[in-house]
Amino acid sequence: MSTEQADKKSAKKFWWIIMLLPIGLGIGTVTSLVQHLRKADAEESQDEFTVSQEINQEEITLSLNHARLLGPRNIQHSASTKNIQTTKNYLQGSVSPGGVGLGFNEAITPVEAYRSLRTSYSVIPGRNTQRATTIIIELSGEKNDAEAAKLAIMPSVIRSLATVEAQQSIIFVLSPVTGSAQQHLNLLKKLNSFPAKTITATLVIKSSPNITLDYTDQWFNTETPSKPLHLDINNDNHVTLSHVALSNDLNNQDTLLFQAAKSLRSLILQVANKR
């Protein structure tokens, strides 16, 4: 092949390359765009179930409106028993929307009358997983603003602690029964699958429908409501707690609930960081 023929052949190859280059770029651009849009759609879909780790008033207000729809919950009537399960589903779905976030384990509630109901719990592991602070949310209750307020703040508080590593584990318990802190502690000790060997604190969150104390942003021991709350970090604490925001017929309840949620989070961390 002469030099002239070789040059013509090379020129033809170069011409084809020039001609195909825009086509290749176009195909590459379209492919890249399709992949980007698919990824964006997947991320957008996932964003529907993003677990917020900030306590914010908008979420609490929305939770309060939902919680107000829950009916009375007790063991005496079948419909009220079903409402206990509905309340548990509501809290679990609010804490972990779409299955994203903290998971819940279940165990048979060790009380004869509640054999068909289960105790649920979610564990936030601490540095020492053998010791735990437990926060009890009682599912049984009346249909009123006080109970709705109690339920409304818990999803935000739980989610806000989901990635925190305290000195000991934090375990949120959804209990179908009501009782004192000591009664709840005794029931937890009967759960064979309960993860912590030592429970250093049991904080039972109670509503206070008729509270008249002039508190603004303070949790109090329901057994001694007139005294300032004192938790001894050097000793075990098993108490029932409430807040003025968890009552009926309050003005500006949304703002009070926001403050109550933030202060409850701080209180839990204070107790859970006991070594």
Side-chain angles (χ1 to χ4, degrees), residues 39-40 42-70 87-105 120-127 132-137 139 145-174 201 203-207 215-219 229 231 241-247 250-274:
K39 182 180 179 182
E43 289 176 350
E44 183 178 350
S45 178
Q46 186 65 27
D47 282 344
E48 295 178 11
F49 304 115
T50 298
V51 180
S52 171
Q53 293 177 0
E54 297 290 336
I55 294 177
N56 67 72
Q57 192 161 328
E58 183 179 348
E59 282 190 359
I60 291 176
T61 300
L62 183 61
S63 293
L64 180 62
N65 291 333
H66 289 166
R68 282 174 172 154
L69 301 176
L70 297 169
T87 303
K88 180 169 69 173
N89 293 342
Y90 156 71
L91 287 172
Q92 290 178 345
S94 299
V95 170
S96 183
V100 178
L102 291 174
F104 283 84
N105 299 296
S120 296
Y121 57 90
S122 185
V123 182
I124 301 172
R127 295 181 180 90
T133 291
T134 57
I135 296 86
I136 312 295
I137 303 108
L139 302 179
D145 282 350
E147 277 295 310
K150 181 190 78 176
L151 299 174
I153 65 171
M154 296 316 303
S156 284
V157 172
I158 297 172
R159 291 197 303 266
S160 73
L161 292 167
T163 59
V164 171
E165 186 183 46
Q167 290 296 330
Q168 52 186 266
S169 295
I170 301 172
I171 305 179
F172 289 91
V173 180
L174 307 182
L203 309 181
V204 185
I205 310 303
K206 298 272 191 181
S207 62
Y215 291 141
T216 55
D217 184 21
Q218 180 179 338
W219 287 84
L229 177 64
L231 296 179
L241 297 178
S242 192
H243 191 281
V244 67
L246 310 188
S247 59
L250 267 183
N251 294 322
N252 202 24
Q253 188 174 36
D254 290 1
T255 301
L256 282 174
L257 284 177
F258 174 65
Q259 297 300 329
K262 290 203 302 182
S263 57
L264 179 58
R265 182 185 188 277
S266 298
L267 186 64
I268 292 169
L269 282 176
Q270 176 188 354
V271 178
N273 275 316
K274 172 185 175 181

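Counting begins at 1 with the first residue of the sequence.
Val164 has its side chain within reach of Arg265: a pair of non-hydrogen atoms, C-beta onward, lies under 4.5 Å apart. Using a 4.5 Å cut-off on side-chain heavy atoms (C-beta onward), Thr163 and Ile124 make no contact. Between Ile268 and Phe172, some side-chain heavy-atom pair lies under the 4.5 Å cut-off. Taking 4.5 Å as the limit, every side-chain heavy atom of Leu139 sits out of range of all side-chain heavy atoms of Tyr90. Under the 4.5 Å side-chain criterion, counting only non-hydrogen atoms from C-beta, Ile158 is not in contact with Ile135. You'll find the side chain of Lys88 stays beyond 4.5 Å of the side chain of Phe104, heavy atoms only. The shortest distance between side-chain heavy atoms of Leu267 and Leu241 falls below 4.5 Å. The closest side-chain heavy-atom distance from Met154 to Leu264 is below 4.5 Å.
Between the side chain of Arg127 and the backbone N or O of Asn273, no donor-acceptor pair lies under 3.5 Å. Looking at Ser96, its side chain never comes within 3.5 Å of a backbone N or O of Gln92 through a donor-acceptor pair. Checking side-chain atoms of Thr134 against main-chain N and O of Ile171 turns up no donor-acceptor pair under 3.5 Å. The backbone N or O of Ala146 lies less than 3.5 Å from no partner atom in the side chain of Ser247, so there is not a single donor-acceptor pair. In this structure, Ser156 contributes its side chain and Ile153 its backbone to no donor-acceptor pair below 3.5 Å.
Applying the side chain to side chain donor-acceptor pair (under 3.5 Å) criterion to Thr61, with sequence neighbours excluded, gives Asp254.
Nearest heavy-atom pair, Glu54 versus Glu59, reported as atom, atom and distance to 0.1 Å: O-OE1, 4.3 Å. Of all heavy-atom pairs between Ala245 and Ala149, the closest is O-CB, 3.6 Å. Of all non-hydrogen atoms in Ala261 and Val157, the two that sit nearest each other are O-CG2, 3.7 Å. Among all heavy-atom pairs drawn from Ser242 and Ser207, the shortest one is OG-C, 3.7 Å. Nearest heavy atom pair, residue Ser122 against residue Leu102, reads OG-CB, 3.4 Å.
The structure places NE2 of His243 at 4.5 Å from OG of Ser263, a figure rounded to the nearest 0.5 Å.
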